[in-house]
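This one's a predicted model, so the numbers in the text were calculated from it and none came from an experiment. Residue numbers begin at 1 in each chain, while the letters A, B, ... track the order of the sequences. What's counted below: heavy atoms across the whole structure, side chains too, no hydrogens, waters or symmetry copies.
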2 protein chains.
Amino acid sequence: MEKTVIEVEQVAHVLKLLGDKTRLTMVGLLEGSECCVCEFVEVFQMSQPSISQHLRKLRDAGLVREKRKGQWIFYSINKQHIAYPLIQDLLKHMPDQKEKLEALEAEGLRIICD
Amino acid sequence: MEKTVIEVEQVAHVLKLLGDKTRLTMVGLLEGSECCVCEFVEVFQMSQPSISQHLRKLRDAGLVREKRKGQWIFYSINKQHIAYPLIQDLLKHMPDQKEKLEALEAEGLRIICD
DNA sequence: TCAATATATAATTATACACTAATATTTTTA
DNA sequence: TAAAAATATTAGTGTATAATTATATATTGA
C-alpha cells in the first residue's frame, strides 16, 4: 500500500469535501470507472445543476479531472492527487458502488464512448 | 489491518465531523493518549466553550468517550466504534500529533492522573 | 444554420455550522 | 461552607453550504 503523509489542514479539507453523501459516492463510483454528468444525474436522481456543483467542488480541489468526449464531459478520479492513497483507504471501508453503474447499464442509460 | 465496511451515509457523517481541522487534530491527539478539556484549550488556543462543543459533536457520534477524574473530564477515543478502523487508516496519512502534547508537557501544562 | 442535448454558471433561499458571551453545574480546596 | 477551577449548556451572530430556478455555453445532428 502506498502511503502519503499530508498536512492536517489538507486532510481536513478533503474530508470536508467527502463528508457529503453525494460527493463521497461520486468518488466511489469514479474509483471504478469514468462517468459523465448525465450518469450522475440518473444515479443520484438529483438536478443537473446540483450534480455539476458537487463535481465542481471536487474538481476545484483537484480530486477529479474532466475531459470532454463529444457532447459529454467525463469525470475521472485524479490518481496523481496527494490525497489519492488516503481516498483509496477510505473507500476500502465502504460498500462497492459499482452496482449503481451496473443498474444504469441494465437500463441502457450508461454512456459508452471511444 | 482490521477492516470494517460501513454504509456510505455513516462514513459521510464521520468524514463530515473530521472535516474540521480542530476535530481532526483532536482525534489524532486522542489516538495517542487521553486528554482533558483544559489540555485541548491549551493546545488549540481556543475558548473552552468552543472546545467543549467540538468534543460534544465527537461524543454525540460515539467517536469519543468521556470519563470524569476528579475535577477533570478526560476524553478518550472509542476503539469500539465501527468507524475506528477507518479513522486509524485516516490518521496514518497525517503527521503524528503527539508532539503537541509533548510541548504541553514541557510547559508543565499536561494533566497527569491516576 | 437551427433545434436538441449536455453541461456550467449565477442568483436566491433555507439550513447548517463555528464561534462568542453569558450562565449553570460539578468538584476541589481553603 | 464559600470560593475557585473545570466543564457544559444556551442563545445569539455571522458565515458557509446545498439545493432550486433561471440562464448561458458548447456540441451534435437534421
Got a list of protein N/O to nucleotides 4-7 of chain C N/O distances below 3.5 Å?
{"unit_1": "dA6(C)", "atom_1": "O3'", "unit_2": "Gln71(A)", "atom_2": "O", "d": "3.4"}
{"unit_1": "dT7(C)", "atom_1": "OP1", "unit_2": "Val37(A)", "atom_2": "N", "d": "3.4"}
{"unit_1": "dT7(C)", "atom_1": "OP1", "unit_2": "Ile73(A)", "atom_2": "N", "d": "3.1"}
{"unit_1": "dT7(C)", "atom_1": "OP2", "unit_2": "Cys38(A)", "atom_2": "N", "d": "2.7"}

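- In summary, the side chains of Tyr84(B) and Gln80(B) do not present any donor paired with an acceptor at a separation below 3.5 Å, with no hydrogens or angles considered.
- Partners of Glu9(B) under the side chain to side chain donor-acceptor pair (under 3.5 Å) rule, at least two apart in sequence or in another chain, are Lys21(A).
- Across the protein-nucleic acid pair, Lys69(A) atom NZ and dT28(D) atom C1' stand 17 Å apart, rounded to whole Å.
- Taking atom CD1 of residue Ile51(B) and atom P of nucleotide dA5(D), one finds them 20 Å apart after rounding to whole Å.
- Atom pair Arg59(B):CZ and dA8(D):P shows a separation of 7 Å (rounding to whole Å applied).
- Looking at residues 101-109 of chain A, you'll see that no heavy atom sits under 4.0 Å from any atom of DNA chain C.
- Cation-pi geometry between Lys69(A) and Phe74(A) is met: the NZ or CZ atom falls under 6.0 Å from the ring centre, inside 45° of the normal.
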At under 4.0 Å between heavy atoms, how does the protein contact nucleotides 13-20 of chain C? Give one character per nucleotide, 5' to 3', with B, S or -.
----SSBB
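- Take Ser52(B) and apply the side chain to side chain donor-acceptor pair (under 3.5 Å) test, not counting sequence neighbours, and it matches Gln48(B).
- Between Glu34(B) atom CD and dT7(D) atom P the separation is 13 Å, expressed in whole Å.
- Considering only residues two or more places apart in sequence or on other chains, Glu42(B) meets the side chain to side chain contact (heavy atoms under 4.5 Å, CB included) condition with Gln45(B), Leu104(B), Leu109(B).
- Every residue two or more places apart in sequence or in another chain that forms a side chain to side chain contact (heavy atoms under 4.5 Å, CB included) with Arg59(B) is listed here: Arg56(B), Val64(B), Glu66(B), Tyr75(B).
- Among residues two or more places apart in sequence or in another chain, the side chain to side chain contact (heavy atoms under 4.5 Å, CB included) test is passed with Lys16(A) by none.
- Lys79(B) is linked by a salt bridge (charged side-chain N to carboxylate O under 4.0 Å, His left out) to nothing, counting only residues two or more places apart in sequence or in another chain.
- Between Lys67(A) atom NZ and dT27(D) atom C1' there is a gap of 18 Å when expressed in whole angstrom units.
- Annotation: side chain to side chain donor-acceptor pair (under 3.5 Å) contacts involving residues 101-111 of chain A, sequence neighbours excluded, comprise Ser33(A)-Arg110(A), Glu39(A)-Arg110(A).
- Evaluation of the side chain to side chain contact (heavy atoms under 4.5 Å, CB included) rule for Ile6(A) yields Thr4(A), Gln10(A), Val11(A), Ile82(A), Ala83(A), Leu86(A) as partners, not counting sequence neighbours.
- Not a single side chain to side chain donor-acceptor pair (under 3.5 Å) links His81(A) to another residue, sequence neighbours left out.
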